[in-house]
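Reading through the C-alpha cells given below for one structure.
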Amino acid sequence: MEPHVQVLRDFRDCFLLTNSPGRIFVNLYYTYSPPVADFIARHEILRTVVRWSLLPLVGASYSMLHFGPTIAVTMLVFLLLAIFLVSSYRGRIGILGYRW
C-alpha cells in the first residue's frame, strides 16, 4: 500500500468521517472521483502532475494526524509567510519597505 494513500485514508477516518460536512465531502468524492481517476490513469503526465500536486495535501494531513490541528495550522501559516517573504526578496521592496 502506498504510504501517502494511507495517510489520506487515516485523515479521512479521523477528521472527515467524524462530522456531517466531512461525510458529505467524502460522499461527493466517492461519487465523482472514479471517472476522473480513470481518465488520470490513462495519461502518464497527468498522473505525475496529480501525484506532485497532492503532496501538500498529504503533508497537511500527516501534520494534522501526528501533531494536531493547532500545530498543523501554525506550520502552514509559517510556511505561507516564508513563501511570501522569499517571493518579495527578488529585488523588490519587502514587507516593511526595506530593500532586501
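Hydrogens, waters and symmetry mates are skipped; everything else that's a heavy atom, side chains included, is used. All of these numbers come straight from a predicted model, not from anything done at the bench.
Here CD1 of Ile40 is found 10.5 Å from CZ of Arg51. Values are rounded to the nearest 0.5 Å. Thr48 contributes atom OG1, which lies 12.5 Å from atom NE2 of His43 (distance to the nearest 0.5 angstrom). One distance of note links CG of Leu16 with CG of Asn27; it measures 11.0 Å at 0.5 Å rounding.
Using a 4.5 Å heavy-atom threshold, the side chains of Tyr62 and His4 count as separate. Phe15 has its side chain out of reach of Ser61: every pair of non-hydrogen atoms, C-beta onward, lies at least 4.5 Å apart.
Hydrophobic clustering (side-chain heavy atoms under 4.5 Å, transitive across Ile, Leu, Val, Met, Phe, Trp, Tyr) groups Phe25 together with Val58. Put simply, Met75 and Leu81 are part of two different groups of oily side chains (I, L, V, M, F, W, Y) that touch within less than 4.5 Å, one to the next. Residues Leu28 and Leu8 fall into different hydrophobic clusters, defined by Ile, Leu, Val, Met, Phe, Trp and Tyr side chains chained together at heavy-atom separations under 4.5 Å. Taking hydrophobic clusters as Ile, Leu, Val, Met, Phe, Trp and Tyr residues chained together by side-chain heavy-atom distances below 4.5 Å, Val36 shares a cluster with Val50. Hydrophobic clustering (ILVMFWY, side-chain heavy atoms < 4.5 Å, transitive): Leu17 and Tyr30 are in one cluster.
Heavy-atom minimum distance, Met64 versus Pro69: SD-CA, 3.6 Å. Residues Phe11 and Leu65 come closest through the heavy atom pair N-CD1, 3.7 Å.
Other residues, nucleotides and ligands contribute only 12 or fewer heavy atoms inside 6.0 Å of the CD1 atom of Ile45.
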